[in-house]
Amino acid sequence: MLRQPYSDVLAFPLEKDTELWVLTNVFAKTFLGLTVEGVRSWDRLRRGVEIPDHPEEKVVVTELHYFASGEGLLEDPTRIRRSDLPAPRELSVSEFRVLLCDLLLLIDDEEGYVKRFQAKTSLLDWEHLGNFHEQLGQHLIVQRRVSPESWWITQKFNQSLVELRENLYGSVQGPELVRYFSARMRAGERVLDIGCGTGFYSNLMSQSGAQVVGVDPSSHYIGVARTTFGAAAEFKVLDLPQGLSEFESKSFDRVFISDALLYYFHPIERHSSPDLPLLLPLLLSEIRRILKVEGVLTLVEPHPVFYQLPWLGSAERPFTVIAEYNSKKFGVVPTFSQLFSALFEAGFSIGYYKELIPRSVDDACTKRALAFATEFPVWHLIEANPNQKEV
Amino acid sequence: MTLNVLQSVVAYFESKQAIPGSSVEEKQACNYLDAGIIDSLGLIEMITEFEERFAVRFTSDDMQSPEFRTIGGLTSIIERRRSG
């Protein structure tokens, strides 16, 4: 018998004035558009009421689910097409059942259903949903056939690579960091930008008067960084964190890391191989070693609670559904406690903390993105200072 | 299964790493990702290589089928695409 998976499925109207309802599995983050009659048909099926497969019994569905993050990490992660909706289709009851099962809006086996939320065993594993990075990797490599490395650049920057795209990168992260650099960096400070990517923030720190060294394991990114911002900073390909050993102790005023520390808590390859050792303690102890006594570690990382959650509700009054915080079956960002504990254990204290939210509503970014990021910060910024006492 | 397609597919994987098993049947049953013959990034290269070599285009459904994950299954899909 088919049934609803636990109570994991919600139904809500897509927009204020529309007749289209949406069913979603809040753990699987799947969505299906239905008429209110379609929702009633689903409701009967989930309660085990058999609907005869009569030729005249049709259910109207709008297949609006898609992998929204493929358009960019800061695009609306709600996996709903909101414009250019596909035309509604009429399905027979048996076709409707199959579609509901595909989207995990109905299941026939609760034990099997729970197993679906395990890590993917490979990029060709479609049975297990895996975490966000596994889903993104599968989407990019197998379905779009693009390398995540080149995709990452185009989803963050405009073609020139000297401007952030007009999404929350361009409306929140970029301008907030410009303000931060000008308010809290001293002219002439020596900065190490770890995981500098294509050097965008290395360049901005250099414009604020810092002497910047940018390091990244990707020779592709460092090549782009040298071509684009080579006059502003020194860029080096470096294995991380092992390669940091080449820097002298107490040689930097600041270490800067943006959108990169999370990988040290949940390395992509460790999700399916949990026995791999974490490199996080080595990274943090190396950072503490190379920082001067009065030095600062500046982190700009995705917010532990809200990263990659659907932006539901009206554009100007969004809400989200939090289905996990600690378990990280889908999530890839450390919890507050994991992040702060790691810093404390490595001998740092927190000196400054800020959640980044948009300052202005007339940005080029969409109203929904700005409203969501105003209510639920997408990033937080942390300054950690080495304790004077050795650890 | 046409011998030359299978031979060509097997030769591709063997150029990366020895396929476990001594018989053709064992090699056909091999799951090349689980066996570590190719990794995630090698997957793009493999897909592109077979599409060019056999002038076929894998669909999303092809890649989502369990058949796609074994050497024998992949060969069958290539043959169906070639004759389709």
Side-chain angles (χ1 to χ4, degrees), chain A residues 28 30 63 65-67 70 79 86 95 98-99 101-104 112 115-116 118-152 217-221 263 267-273 275-276 332, chain B residues 5-6 9-10 12-21 26-81:
Chain A
T30 51
E63 292 180 52
H65 178 89
Y66 80 117
F67 191 79
R79 299 172 182 192
E95 289 168 331
V98 169
L99 183 59
C101 289
D102 283 349
L103 292 171
L104 299 176
K115 288 186 182 149
R116 299 286 307 271
Q118 292 174 359
K120 286 185 186 297
T121 54
S122 77
L123 284 180
L124 291 179
D125 176 356
W126 306 88
E127 280 84 49
H128 300 110
L129 297 178
N131 72 5
F132 172 69
H133 282 149
E134 292 174 330
Q135 292 179 16
L136 181 63
Q138 186 172 57
H139 175 81
L140 295 178
I141 293 174
V142 182
Q143 290 181 312
R144 288 203 175 194
R145 305 191 196 184
V146 296
S147 100
E149 207 174 41
S150 54
W151 172 87
W152 179 84
S218 161
S219 55
H220 177 53
Y221 290 160
Y263 293 98
I268 293 172
E269 60 282 4
R270 197 166 182 262
H271 197 56
S272 46
S273 311
D275 297 333
L276 285 177
V332 290
Chain B
V5 176
L6 179 62
V9 171
V10 167
Y12 176 84
F13 286 110
E14 296 220 296
S15 74
K16 309 280 171 195
Q17 193 182 302
I19 303 170
E26 281 177 285
K27 288 185 197 292
Q28 285 187 51
C30 168
N31 180 318
Y32 47 86
L33 282 172
D34 287 355
I37 297 172
I38 58 171
D39 61 11
S40 299
L41 288 176
L43 195 60
I44 302 188
E45 182 203 294
M46 179 205 89
I47 291 168
T48 313
E49 170 66 28
F50 287 143
E51 286 187 335
E52 283 176 7
R53 190 183 295 183
F54 299 111
V56 295
R57 177 86 184 161
F58 297 121
T59 65
S60 190
D61 283 347
D62 288 339
M63 291 187 280
Q64 291 188 42
S65 71
E67 212 181 356
F68 197 81
R69 291 177 230 167
T70 64
I71 291 175
L74 183 60
T75 306
S76 302
I77 290 174
I78 293 170
E79 292 185 325
R80 284 205 301 276
R81 291 275 153 231

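Within every chain, numbering begins at 1; the chains are lettered A, B, ... in the order of the sequence lines, protein sequences first and strands thereafter.
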Atom pairs, donor to acceptor, chain B/chain A, distance under 3.5 Å:
residue, atom, partner, partner atom, Å
E51(B), OE1, R145(A), NH1, 2.4
E51(B), OE2, R145(A), NH1, 2.8
E51(B), OE2, R145(A), NH2, 3.0
F58(B), O, R145(A), NH2, 3.1
S60(B), OG, Q143(A), NE2, 3.4
M63(B), O, W126(A), NE1, 2.9
R69(B), NE, L124(A), O, 3.0
R69(B), NH1, E127(A), OE1, 3.3
R69(B), NH2, E127(A), OE1, 3.3
R69(B), NH2, E127(A), OE2, 3.2

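- Comparing L123(A), L124(A), V142(A) by how many heavy-atom pairs each has under 4.5 Å with chain B, the most go to L124(A).
- For the side-chain contact (heavy atoms from CB on, under 4.5 Å) test, residues two or more places apart in sequence or in another chain that qualify with P217(A) are L240(A).
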